[in-house]
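So that the names make sense, note that chain A is the first sequence line, chain B the second, and so on, each numbered from 1. Hydrogens, waters and symmetry mates play no part in the numbers below; they use all other heavy atoms, side chains included.
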There are 2 protein chains.
Amino acid sequence: MNSLTEENYLKAMFTLTNEKGEVNVNDLSKHLNIKMPTVTSMMKKLAAKELVDYQSYKPLRLTESGKKEAALIIRKHRLTEMFLVEKMGFGWESVHEIAEQVEHVRSPEFFDKMDEILGHPKIDPHGSPIPDKDGNIVWKEYLKLSECVPDTEVRLSAVMNSSEDFLRFLNSKELHLGLTIRIHSIEPFDQTMIVSYDNKMNEVLSSKVTERLLVEKLMLP
Amino acid sequence: MNSLTEENYLKAMFTLTNEKGEVNVNDLSKHLNIKMPTVTSMMKKLAAKELVDYQSYKPLRLTESGKKEAALIIRKHRLTEMFLVEKMGFGWESVHEIAEQVEHVRSPEFFDKMDEILGHPKIDPHGSPIPDKDGNIVWKEYLKLSECVPDTEVRLSAVMNSSEDFLRFLNSKELHLGLTIRIHSIEPFDQTMIVSYDNKMNEVLSSKVTERLLVEKLMLP
DNA sequence: AACATTTGTTAGATTAATCTAACTTTATAT
DNA sequence: ATATAAAGTTAGATTAATCTAACAAATGTT
Ligand SMILES: [Mn+2]
Ligand SMILES: [Mn+2]
Ligand SMILES: [Mn+2]
Ligand SMILES: [Mn+2]
């Protein structure tokens, strides 16, 4: 059995690998707020458990078994977030911290029950995919809103960063998942975007924001 | 802030004190499955935090502040058990282990939400009182079924032991909280009781069982 | 009272997870 | 190519939580 600490390392490795192709000791150190020597020694420990491939000075890699462990923790995290939002009435901005703790509960039945009550959801409240019980994830191809061109319509499908501040900002702009966004123009100087959605006409979104919103192109009729 | 480990000691002290009037190092050691020297050193640590009054060779005592901390953890435990049973469909026999873990989640909002969704319940699925947000508990005066006399009726109000095995046994006998039980006779040799309830006529309950069932006398009309 | 048992403490070791300081390797910039 | 900076490792210390062994105090039994 892996400790809570080990679980957090595995999860961080999984996430960082998917964000930037590979993980290094330094990335993990920054992400987890833990000094590099500590990370190195944990990597050796996880290597001994065959959850990580570790070679000095080389990028870190999860083994297949490590990937699966990580995905299953992420499954618990995301099911929890979904349960908190859908069944307990929390806002999407406040569930991450709670899920960060609940994800370590050891009780398959607990998470199976959530899954069942939620009707086996495929995505979490932030649009991220929920791994299945074997740890498999279906990755959807999304675009960043910042990569889209004027005079197109897109559907807001996921957010890239689920920090409380960012999500509160989105709330204040009434930007929520599922929304159809029409792109009017992009300021060449700073990539600020003018968009419309719902009853919001000509809203201005900075690149800080458009780079964190994941969208799908809509077929125009 | 107290660690998960410290929280478990506080909770155990609170429970054992209420069960047998006082707690000793030895009781805690057995209850928590931790050797006595470890308990002694933890008591010194909790004494330094003013959660415990510790004097060598004397019975252990929680300070007021220690009692409150303990009661608040028990509040989280019991709200969790109630939520699992009432809102997630678990049986009362399977919630204790999960609650044992969830009780350590640090998020007042999480437990406030449970409390609200449950409508501010006063008792948990095993009939134990749920402390309020200030850590106050309303103790009800119950009798053990074993203390009752023939030809009376009682209401089953709580169980004294919530081990999975015992609760499964009660399930198999269709003994659940709220039930009205009529006592027919008691075998003088071994205190075995003959009782009726629901559509069960003349069920035999051993003293092992009747000592673990808490009841209220019913006024006969 | 004397002896035995149970309970509790002290001392010292162990393991997990962390740190700092010093050193080494790899990458980057002139 | 050399120097500088960044990334990574090693060694050794620290803290929390646990243990065993040895000893001491309190309790119980003849
Ligand atoms: Mn999250
Ligand atoms: Mn976590
Ligand atoms: Mn319980
Ligand atoms: Mn616990």
Looking at every strand, decide which applies to [X] at a 4.0 Å heavy-atom threshold: base, sugar-phosphate, or nothing.
X        : answer
Ser41(A) : base
Thr38(A) : base
Lys44(B) : sugar-phosphate

Point to revise | Side-chain touch Ser207(B)/Thr192(B), heavy atoms, less than 4.5 angstrom | key: no
Check your understanding: Of the candidate nucleotides dG8(D), dT20(D), dT9(C), which contains the atom at the shortest distance from the side chain of Lys35(B)?
Key -> dT20(D)
Study note, to complete from the structure: Winner on side-chain proximity to Pro37(B), out of dT18(D), dT9(C), dT9(D), is dT9(C)
Starting at atom [atom1] of [X], determine the distance to atom [atom2] of [N], rounded to an integer number of angstrom.
X        : N       : atom1 : atom2 : value
Asn8(A)  : dT18(C) : CG    : P     : 9 Å
Met36(B) : dT18(D) : CE    : P     : 16 Å
Gln55(B) : dT9(C)  : CD    : P     : 11 Å
Lys30(B) : dG8(C)  : NZ    : C1'   : 12 Å
Met43(B) : dT7(C)  : CE    : P     : 17 Å
Asn26(B) : dT7(C)  : CG    : C1'   : 6 Å
Asp27(B) : dT6(C)  : CG    : P     : 15 Å
Met42(B) : dA16(D) : CE    : P     : 10 Å

Exercise for review: Could you pull out the closest heavy-atom pair between Leu175(B) and Trp92(B), with the gap in Å?
Suggested key: O-CZ2, 3.7 Å
Check your understanding: Which of these passes side chain to side chain donor-acceptor pair (under 3.5 Å) with His77(A): His96(A), Gln101(A), His104(A)?
Key ->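 Of all the options given, the one that passes is His96(A).
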Counting just side-chain N and O atoms, does [X] come under 4.0 Å of either OP1 or OP2 of [N]?
X        : N      : result
Tyr54(A) : dG8(D) : no
Thr40(B) : dG8(C) : no
Tyr57(A) : dA6(D) : no

Exercise for review: Quick one: do Glu216(B) and Ser157(B) satisfy side chain to side chain donor-acceptor pair (under 3.5 Å)? Show the steps, please.
Suggested key: CA-CA 7 Å; Glu216(B) 290 168 276; Ser157(B) 300; 2.6 Å; yes
Check your understanding: If you draw the axis of the six-membered ring of Phe90(B), does the NZ or CZ of Lys113(A) fall within 45° of it and under 6.0 Å from the ring centre?
Key -> yes
